[in-house]
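Keep in mind that the numbers below use all heavy atoms, side chains included, and drop hydrogens, waters and symmetry copies. In what follows, chains are A, B, ... by sequence order, proteins preceding strands, each numbered from 1.
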Amino acid sequence: MDLFALYQSRIADALSALFPQLAETPDVLRRFVVEPPRDASHGDMSTNAAMVLAKPLKSNPRAIAEQLIEKIKEFEGVESAEIAGPGFINMRLSASVWQNVIAEINATGTEYGRPKDAPAGKVNVEYVSTNPTGPVHIGHARGAVFGDALASLMAFSRCDITKEYYINDAGGQIDVLAKSALLRYREALGQNIGEIPKGLYPGKYLIPTGKKLADQFGDALLNMDEAEAVDKVKSIVVDSMMELIKADLAKLNVHHDYFFSEKQLHGEDGDIHKTLDWLREEGLVYQGTLEPPKGKTPEDWEDREQTLFKASDFGDDTDRALVKSDGSYTYFAADIAYHRNKFLRGFNEQIVVLGADHSGYIKRLKAAGKAVSDGKANVDVKICQLVNLLRNGEPAKMSKRAGTFVTLGDLVDEVGADVVRFIMLFRRNDAPIDFDFEVVTAQTRDNPVFYVQYAHARACSVFRNAKRDLPDLDISLDALQKADLSVLSDPAEIELIKIAAQFERVVASATEAHEPHRVAFYVHDLASAFHTFWTKGKERPELRFVNLDEQTITLSRLALVNAVRQVLANSLGILGVSAPDELS
RNA sequence: GGUCCCGUAGCUCAACUGGAUAGAGCAAUUGACUUCUAAUCAAUAGGUUGCAGGUUCGAGUCCUGCCGGGAUCGCCA
């Protein structure tokens, strides 16, 4: 149980008893927070309840605080409380409250930090969704890691989550892909294809696909009309690209539950058709012309009547085209249908992870989500900023056109999945990252991945040493749970426990905000606190974990170390980063 | 020009959705290794949170207007 949530609810109960009139406005009892104060000298927990309630109660904060504090002082585990500043109430908890956290962590293990109850509703996280025209490149790595970690975080928080990949297999780029593959097919049959013509994909990754086509069709495609051949091989080529993509993602330990093909939305009986009919009935589709963009009118602008969706009714800046001049649907039309499809599959919460170049797309996606669900579905678009790849300080060039881009697979092969994942998550998703090969592969403090994993390995090494030095001492998990935790009363120990005890609220807030980076920063903090405590044992030998003369204390300390190790492991588990027992 | 994101210590970034004296790391200076792994730790120093207003008990956070950087801008996906 999250201690901060526990005291929040106790204070809310106390307030209801003190001020019965609050029953009419129950919301205000959820608006105040109980949190660790920024300044440790203010105590263990702080609440702004009196200030938040001043207005609804038409009273002043100090007066409310004075009534409330009497109740708080009676709470179990509260050692003292005082009013500070404009009306904060600061509490100090007894050591046993913190010591019990150790017991709870060791008792619940990998389950520690998970909320008791599952939130209602199904959540869909859509991420990566790169065009199936080649391997995944670096630009998509961040979205892949972010989406995967977010899904993992939410699953840890007991959300009913589906990880989804939207395959853009219906656009014109698929024809180009198929033509490029047919070229490689002719190459596989021994023809000299020379330079890859402009406009086709030159990448060597299509060579195996060409061979596969040669194996399957022999020379049957050679005399065929190109359009016909393209039709024949399209889905085979897309499948083979998806295999490539899945293999790259697997190297990063990124896996999706569900692959959704855009193609299936098209056609007479497809979702686009049905969705547009439905929108028409709702009066959200009309024939009309759009205003040119404000300020800058494109030179070739001409007013043209087209089929439009009333996106502006749902917060978008303008209405959006649904049908191209050649009669086919726009990408956005498919997207609307896709969001309706998700809604009909039961996803009231839809998270879409996109690259920075799609930031202009957010409003229309949110509008589509609202429109196709009568406002019941919520679409949250998470934008991942660019990753600047550096090597020796120089920007590492990537170019898909030249066919020499660094793929995700190349990157993972070079630095490892743990490094890629942690570095991508050790930053807010909407801030750009400099990814420097030199830094992220160094085994020093500069490298946060290493720093955190080292803390976990150190904790494990304590157990190896205890086993070696005290072979007769039972240090099994059972024994740790029977350890006397009351001896863990040194301020240095309590400080470390306090950091560990914040894990639950970090998980809760990261889940709510859809921000897995908070877990990454937290685990770094916890590692730091552990390293600090470790070094204290050098200055003050009585704080060392393994004490040959005092086995009781050793056992208690091991309980502490195991708890910290467990929280490190649980945090890393959420991020999909390994927690090694020792470093090589 | 419209829209969105960003602007915080010399550098790279946090700041728990409005809380108290804005925090870490790097770089700089000083100190701790016959080590429970110094692959680490401690201390010092570093700030008008781009600028100017506004909202309120209280603003890095919300609102308005500027300045600077990036992304995007009717049928690409």
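Proximity note for A:N465 (side chain, C-beta onward) versus B:U40, B:C16, B:U37: the nearest is B:U37. Taking the side chain of A:V52 as heavy atoms from C-beta on, and the options B:G19, B:U40, B:C13, the nearest nucleotide is B:G19. Taking every side-chain heavy atom of A:R544 into account, B:C36 is the closest of B:C36, B:C76, B:C13. When distances run from any side-chain atom of A:V462 to the nucleotides B:G74, B:C36, B:U3, the shortest one goes to B:C36. Comparing atom distances between the A:D357 side chain and each of B:U40, B:A14, B:A71 picks out B:A71 as nearest.
Whole-Å rounding puts the A:Y451 OH to B:A24 P distance at 12 Å. Following rounding to the nearest Å, A:N60 (CG) and B:C57 (C1') show an atom-to-atom distance of 10 Å. Note: NZ (A:K538) to P (B:U34) measures 9 Å, nearest angstrom. If you take CD of A:Q385 and C1' of B:C6, they are 8 Å apart, rounded to a whole angstrom. When rounded to the nearest whole Å, the span between CD1 of A:I383 and P of B:C6 equals 11 Å. B:C5 atom P lies 14 Å from atom CD of A:E515, rounded to whole Å. Rounded to whole Å, atom C1' of B:A77 lies 9 Å from atom NZ of A:K324. In this entry the distance linking CZ of A:R38 with P of B:G60 reads 10 Å, nearest Å.
Nucleotides B:C11 and B:G74, compared at atom C1', are 43 Å apart to the nearest Å. Using atom P as the reference point in both B:G53 and B:G69, the two lie 24 Å apart (nearest Å). A gap of 31 Å separates the P atoms of B:G18 and B:G1, to the nearest Å. Comparing B:A45 with B:U30, their C1' atoms sit 11 Å apart, to the nearest whole Å. Taking atom P in both B:U21 and B:C5, the straight-line distance is 29 Å, to the nearest Å. Taking atom C1' on both nucleotides, B:A24 is separated from B:A42 by 15 Å, rounded to a whole Å. Annotation: B:A28 and B:U64 have their C1' atoms spaced 42 Å apart (nearest Å). Separating the C1' atom of B:C62 from that of B:U49 is a span of 16 Å, rounded to the nearest Å.
Here A:Y361 lies in heavy-atom contact (under 4.0 Å) with a base. When heavy atoms are screened at a 4.0 angstrom cut-off, A:S461 is found touching base atoms of the nucleic acid. Residue A:P86 is classed as a base contact, given a heavy-atom separation below 4.0 Å to a base. Here A:A54 lies out of heavy-atom contact (under 4.0 Å) with every strand. At a threshold of 4.0 angstrom between heavy atoms, the contacts of A:S46 include nucleobase atoms, whether or not backbone atoms are also involved. Backbone-only engagement by A:R428 is indicated by non-hydrogen atom pairs under 4.0 Å involving sugar-phosphate atoms exclusively. Nucleic acid contact for A:P36: base, since at least one base atom lies under 4.0 Å from a heavy atom of the residue. As judged by a 4.0 angstrom heavy-atom cut-off over every strand, A:N90 is placed among the base-contacting residues. Nucleic acid contact class of A:A513 (heavy atoms, under 4.0 Å, all strands): base. Using a 4.0 Å heavy-atom criterion, one finds that A:K536 contacts no nucleic acid atom at all. A:F450 comes within 4.0 angstrom of a nucleotide base, judged by non-hydrogen atoms across all strands. Using a 4.0 Å heavy-atom cutoff across all strands shown, A:G87 reaches no nucleic acid atom at all.
Searching all strands for a Watson-Crick or G-U wobble partner of B:U3 with both distances below 3.5 Å returns B:A71. When both distances must be under 3.5 Å, the Watson-Crick or G-U wobble mate of B:A24 is B:U12. Applying the Watson-Crick and G-U wobble criteria (two distances, each under 3.5 Å), B:C41 pairs with B:G31. The partner of B:U61 is absent, by the rule that a Watson-Crick or G-U pair needs both atom distances under 3.5 Å. When Watson-Crick and G-U wobble pairs are counted only if both distances are under 3.5 Å, B:U49 pairs with no nucleotide at all.
Taking 3.5 Å as the limit, the base of B:A20 and the side chain of A:N48 contain no donor-acceptor pair of atoms between them. One donor-acceptor pair, N or O on each side, does fall under 3.5 Å between the base of B:C16 and the side chain of A:R505.
With hydrogens and angles disregarded, no donor-acceptor distance shorter than 3.5 Å links the side chain of A:D2 to the backbone of A:E504. Distance alone, capped at 3.5 Å, places no donor-acceptor pair between the A:S46 side chain and the A:N90 backbone. The closest donor-acceptor contact from the side chain of A:H339 to the backbone of A:D335 lies under 3.5 Å. Between the side chain of A:S528 and the backbone N or O of A:H524 there is no donor-acceptor pair closer than 3.5 Å.
Between A:E512 and A:E262, the residue whose closest nucleotide on RNA chain B is further toward the 5' end is A:E512. Position along RNA chain B of the nearest nucleotide to A:G360 versus A:F332 favours A:G360 as the more 5'-ward residue.
One finds a side-chain N or O of A:R427 lying less than 4.0 angstrom from the OP1 or OP2 phosphate oxygen of B:C13. Regarding contacts with the backbone of B:G74, every side-chain N or O of A:T318 stays at 4.0 angstrom or more from both OP1 and OP2. Residue A:H517 places at least one side-chain N or O under 4.0 Å from the OP1 or OP2 atom of B:A15.
Aromatic stacking is marked for A:F88 over B:A20, as both cut-offs hold: 5.5 Å for the centres and 30° for the planes. Remark: ring of A:H524 does not overlap the six-membered base ring of B:A24 in a stacked fashion, as centroids less than 5.5 Å apart with planes less than 30° apart are not both met. The side-chain ring of A:W301 is stacked on the base of B:G74, judged by centre separation under 5.5 angstrom and plane angle under 30 degrees.
Side chains of A:F32 and A:T47 form a contact here, defined as non-hydrogen atoms less than 4.5 Å apart.
Under a 4.0 Å N-O distance rule, the pair A:R92/A:E82 does not qualify as a salt bridge. The existence of a salt bridge linking A:D430 and A:R428 is confirmed by a sub-4.0 Å separation between a basic side-chain nitrogen and an acidic carboxylate oxygen.
Residues A:F332 and A:A321 share a closest heavy-atom pair of CD2-O, 4.4 Å.
In this structure, OG on A:S461 lies 4.0 Å from CH2 on A:W534, to the nearest 0.5 angstrom.
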>> Under the criterion ring pair (Phe, Tyr, Trp, His ring centres under 6.0 Å), I'd like the reasoning laid out for A:Y165 against A:Y127: C-alpha separation, chi angles, the key distance, then a yes or no.
In response: CA-CA 6 Å; A:Y165 187 121; A:Y127 59 106; 8.3 Å; no

